[in-house]
> 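Pasting a structure below so you can have a look.
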Amino acid sequence: MLFKMAGVYNFVAAAVCAVIAQRTMSENIILSTEDLAINNAILTAIHAATNFQSDQILT
């Protein structure tokens, strides 16, 4: 929905996802790394937003 609405209104949209499960080993979430994964996703989003340059947009 985010990307569809961005396209409709000609906005730029992005998403950052955090991986908190070792899918190759099992389907279980590794609770000890959950906070780290979420923190890294937040830091990545902040970095992307603060270093955004419109000439880097792929069309």
> About how many Å separate CG of N39 and OG1 of T33, when rounded to the nearest 0.5 Å?
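The CG atom of N39 is 12.0 Å from OG1 of T33, to the nearest 0.5 Å.
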> Linking I/L/V/M/F/W/Y whenever their side-chain heavy atoms sit closer than 4.5 Å, directly or via other members, would L2 and M5 fall into one cluster?
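No; M5 is not reachable from L2 via cluster members.
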> Determine the sole option in N40, T44, I46 for which the side chain to side chain contact (heavy atoms under 4.5 Å, CB included) test with I42 is passed.
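Of all the options given, the one that passes is I46.
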